[in-house]
Amino acid sequence: MTEREPMAQIPEPDRQAADPVAEPAEPEHAHEPLEVNFAEYFHEARPRTLRHRTRVRSTVRRRSVAQDGPATGENPVYVSWLLAQSMLGHADELARQFSGMGSMWQNPFASPGPRHAVETASVWFTAYPISLITADGVSFLGALGDTELWQAFETIGIEAVHTGPVKKAGGLTGWQPTPSVDGHFDRISNEIDPEFGTEDEFRAMCATATWYGGTIIDDIVPGHTGKGPDFRLAELGYGDYPGIYHMVEIEPADWGMLPEVPAGRDSVNLDVATEESLEKAGYIVGALQRVIFYREGVKETNWSATGEVTGADGVTRRWVYLHYFKDGQPSVNWLDPTFAGMRMVIGDALHSLADLGSGALRLDANGFLGVEKSAGGMPGWSEGHPLSEAANHLIASMVRKVGGFTFQELNLTVDDIKVTSEAGADLSYDFVNRPAYHHALATADTEFLRLTLRTALDLGVDPASLVHALQNHDELTYELVHWTAGHTDDVFHFRGEEITGGDLADTIRRDLCEHLTGPDAPYNLIFTTNGIACTTATVIAAALGIPALDDIGPEDVERIRRVHLLLVMFNAFQPGVFALSGWDLLGMLTLPPQQVSDLLASGDTRWISRPAHDLMGHRPDAQTSSSGMPRGRSLYGTLPSQLADETSFARQMQAILKVRKHCGVATARQVDIPDVAHRGLLVMVHVLDDGRTQATVLNFSDEHVDAAVRSDHFTPGSPVVDLFSSETVGTVDDLQGFRLDMTPFRSAAVVLEPPPEEDDRDS
């Protein structure tokens, strides 16, 4: 077995972190998973953090080529410079190191292993590189590899860090780099962006995480790249590079069909009429199922045309290329005869896992990997396509083959999430319930949340395969695709009447916008048709009726913190991964729009919800992050200050996560979402690995409720034990229920012990 060499260089950490908050009493039954999967059986003697992981035999050297002459296809120096930096070229070199190695056959890879992934790391911190304020002279990756930070994470119960995208992104115009158009999700290189650190710092971060029993989760983007060296080589018609993308060469005789490219631009979006003309001419698939980030005059279709580009062969070409997202994010073609796109993406994954040392990967935009022409004038098939399923299976299998796991942010129907979970990524982001629990908080009514939870159960989506998150880098997504796309005309029972899926989605969207944005909550902004730009704290502030963030005082902070912990309980006390961000840990508020007016100019309101924040308090006077993001207001304070305060958000969450881990709810089975007697209540019923029944009870209202908790899965006579105090708080009655006193925004977790024997009850 090959151990990680850097581990021996890390000093023994100081594990005398602040004492835990009011230690919860130890439950009688500790969590002991019963099932042993194939990976655990095969590697039964290996500690989880030291299991074999394929390593590269030697790091691929970065070639440096001088810049000389014009940045055109006729200049061989320019072409060589592009080739030296291309992701496809790097992937081909890296892949050759794995061929013929016995280590490529040491891990099971065919089937997803959600519970194995959850057992490996069930609580994640999701970072956003450009928003983290670090100590002077310390990079983002250096900060995430700091032992003091990992001591704090270990104390709280955080087991993994998702770094967010840290590799070079944006594009190239000639010799000059251009900035990212989508928060570094428009990758143009496998190299770490110097803005965030170095490869050595990434490897050191992975080693520190391993020392503390943690895992680093990196990103790959299988759906698109930026307009970097690979795209510029594709425009030049060089080698396999056009095969990376959904791009079509337009014959010169048909250039009159294409719009002119404005001065200073390298492409122009097609309008609907041009899209239709090119489709009828047999060039492109045409209109797709939806236009993401639609904006009149900016992005009216998913296709753009390039200007005239002269290649290394002297031929001048114009291309039309697909971009599901922004025009600077050309889509990858997963079924070109060269398989160049597949080679490039797999190489990126191998580099992250085997060269840098991460243990898992997030798959971004992986639901859009197949596109096919439809008949009869219908939109092209671009969502839920079998090619996406096949491509995801290939990526996830390769990651499992080298010892890692994957998760996907797939905002599609629940049916599609079910299909992709059968052979693709190990875990999926919980877009199913995320808008629903915000809706429950905003309206003090859990009916829609109960509907989404039951829908997932009915369609076979295991909650243990989901990443249940608070805030991440994106908006509060309310596209509600399951209801607007796959089940638009299906009828559902909601608020006492029958309603179609499309009308239900409209109702939920309207409720969210009315309660969380507008004159009463101007600090949250609508983001196109996708959702609301906000932080968790500002969602709560709006739900509590706070009209201005500047008015928030100490009493309001306490109320926001109490509701925030309720949302922690909802996401953490059900099977699956619980994820939160630095914005959650510090209770960050949104930025005033005028502070990021330049970033908002394109219509992307999400920038108000990405304020810079200082986790460890290294630079209290810093007004921006090193990337220039303005510092936001924190309601809870830094992690060191919170860990010194037993009543803080971090300390109370620590107690929640400690009990969660001890009872094993993260790998339990969800069996029931029962009806409730009060509209603000939610009950989730689970079967733990040891066979006991566990119930999570939450009050999403600002009312005191005498809660009657009932389920067909409760056994009469069972003692009801509070998991936090270990006190018996009731007994299941003959109607299979018990009562709990639920104060406003209270959450409770109980376990049902086996009923006493008949003789014991008689005595």
Side-chain angles (χ1 to χ4, degrees), residues 31 33 35 37 39 48-49 112-127 153-154 156-164 209 212-219 358-364 366 396 399-400 404-411 417-418 420-421 424-434 436-437 452-453 456 461-474 477 536 567-582 584-585 653-654 656-670 684 686 688-689 694 696 749:
H31 165 46
E35 295 183 5
N37 64 27
R48 179 174 289 110
T49 56
R115 280 179 166 75
H116 179 62
V118 172
E119 285 279 0
T120 300
S122 70
V123 181
W124 299 357
F125 172 79
T126 57
F153 283 167
E154 184 184 48
I156 294 169
I158 294 170
E159 301 166 334
V161 167
H162 174 215
T163 63
Y212 284 91
T215 300
I216 295 298
I217 303 171
D218 194 12
D219 288 81
S358 62
L361 295 174
R362 169 188 179 271
L363 310 183
D364 179 70
N366 66 315
V399 172
R400 287 189 286 267
F405 66 85
T406 55
F407 84 101
Q408 59 189 0
E409 290 194 22
L410 193 61
N411 189 23
I417 293 173
K418 166 62 176 174
T420 59
S421 69
D426 300 281
L427 301 166
S428 297
Y429 201 82
D430 187 1
F431 281 121
V432 181
N433 301 304
R434 190 161 180 244
Y437 78 74
T452 61
L453 286 163
V461 173
D462 183 359
S465 70
L466 299 177
V467 178
H468 312 287
L470 293 172
Q471 185 186 355
N472 70 357
H473 64 277
D474 275 328
T477 300
T536 304
L567 301 185
V568 168
M569 278 290 292
F570 167 74
N571 286 287
F573 255 83
Q574 61 176 305
V577 167
F578 167 56
L580 77 164
S581 63
D584 288 303
L585 277 174
M653 185 174 65
Q654 174 197 358
I656 292 172
L657 298 180
K658 181 180 177 70
V659 174
R660 173 184 188 265
K661 184 173 185 177
H662 201 88
C663 75
V665 71
T667 54
R669 290 184 300 112
Q670 192 168 91
M684 298 183 288
H686 311 113
L688 303 176
D689 290 339
Q694 186 272 328
T696 303

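Just so we're clear, the structure is a prediction, and the values are computed from it rather than from any experiment.
The shortest heavy-atom contact between Ala425 and Pro112 is O-CB, 3.8 Å. Nearest heavy atoms, Asn472 versus Asp474: OD1-N, 2.9 Å. Pairing each heavy atom of Ala464 with each of Ala666, the nearest pair is CB-O, 4.2 Å. Listed here is the closest heavy atom pair of Ala160 and Ile217: CB-CD1, 4.0 Å. Summarising the geometry of Gln670 relative to Pro575, their closest heavy-atom pair is N-CG, 4.0 Å, with the distance given to 0.1 Å.
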request  = With ring pair (Phe, Tyr, Trp, His ring centres under 6.0 Å) as the test, would you mind laying out the steps for Tyr212 and Phe153 before giving the verdict?
outcome  = CA-CA 9 Å; Tyr212 284 91; Phe153 283 167; 9.8 Å; no

task = For Phe407 and Trp124, run ring pair (Phe, Tyr, Trp, His ring centres under 6.0 Å): C-alpha distance rounded to whole Å, both residues' side-chain angles, the deciding distance at 0.1 Å, then the answer.
result = CA-CA 12 Å; Phe407 84 101; Trp124 299 357; 4.9 Å; yes

ask   = Between Glu159 and Phe125, is a side-chain contact (heavy atoms from CB on, under 4.5 Å) present by the stated rule, with each step listed?
value = CA-CA 8 Å; Glu159 301 166 334; Phe125 172 79; over 6 Å; no

request  = Show your reasoning for whether side-chain contact (heavy atoms from CB on, under 4.5 Å) applies to Tyr437 and Leu470.
outcome  = CA-CA 10 Å; Tyr437 78 74; Leu470 293 172; 3.8 Å; yes

ask   = Stepwise, does the salt bridge (Lys or Arg N to Asp or Glu O under 4.0 Å) test hold for Asp426 with Arg400?
value = CA-CA 9 Å; Asp426 300 281; Arg400 287 189 286 267; 3.0 Å; yes

request  = Let me see the working for Thr120 and Thr215 under side-chain contact (heavy atoms from CB on, under 4.5 Å), right down to the final yes or no.
outcome  = CA-CA 8 Å; Thr120 300; Thr215 300; 3.9 Å; yes

inquiry  = For Gln574 and Leu453: C-alpha separation, side-chain torsions, deciding distance, then whether side-chain contact (heavy atoms from CB on, under 4.5 Å) applies.
reply    = CA-CA 11 Å; Gln574 61 176 305; Leu453 286 163; 4.3 Å; yes

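Formation of a donor-acceptor pair under 3.5 Å by the Arg115 side chain with backbone atoms of Ala668 is found in this model. A donor-acceptor pair is defined here as one N or O able to donate and one able to accept, closer than 3.5 Å; such a pair exists between the side chain of Thr696 and the backbone of Phe573. Not a single donor-acceptor pair under 3.5 Å links the side chain of Asn433 to the backbone N or O of Ala436. Although no hydrogens or angles enter the test, the distance criterion places a donor-acceptor pair under 3.5 Å between the side chain of Asn571 and the main chain of Leu567. In this structure, His116 contributes its side chain and Phe405 its backbone to no donor-acceptor pair below 3.5 Å.
Remark: the Gln408 side chain and the Asn366 side chain contain an N/O donor-acceptor pair separated by less than 3.5 Å. Between the side chains of Arg660 and Ser122, at least one donor N or O sits under 3.5 Å from an acceptor N or O.
Counting heavy atoms from C-beta outward, Val432 and Val461 have side chains that stay 4.5 Å or more apart. Taking 4.5 Å as the limit, every side-chain heavy atom of Asp430 sits out of range of all side-chain heavy atoms of Val467. Between Val577 and Leu427 there is a side-chain heavy-atom pair separated by less than 4.5 Å. Using a 4.5 Å cut-off on side-chain heavy atoms (C-beta onward), Val568 and Asp584 make no contact.
Between Leu580 atom CG and Gln471 atom CD the span is 10.0 Å, to the nearest 0.5 Å. Considering CG of Asp218 and CG of Leu361, their distance stands at 6.0 Å, rounded to 0.5 Å. Here the straight-line distance linking atom OG1 of Thr667 with atom CG of Leu688 works out to 8.0 Å at 0.5 Å rounding. Between the CD1 atom of Ile156 and the NZ atom of Lys658 there is a distance of 14.0 Å, given to the nearest 0.5 Å.
Partners of Thr126 according to the side chain to side chain contact (heavy atoms under 4.5 Å, CB included) rule, which considers only residues two or more places apart in sequence or in another chain, are His162, Ala579, Ser581. Applying the side-chain hydrogen bond (donor to acceptor under 3.5 Å, both in side chains) test to Arg362 and every residue at least two apart in sequence or in another chain returns Asp219, Asp364, Glu409. Under the side-chain hydrogen bond (donor to acceptor under 3.5 Å, both in side chains) criterion, Thr477 pairs with Glu475, not counting sequence neighbours.
One finds no salt bridge joining Arg669 and Asp462 here, because no Lys/Arg side-chain nitrogen approaches an Asp/Glu carboxylate oxygen to under 4.0 Å.
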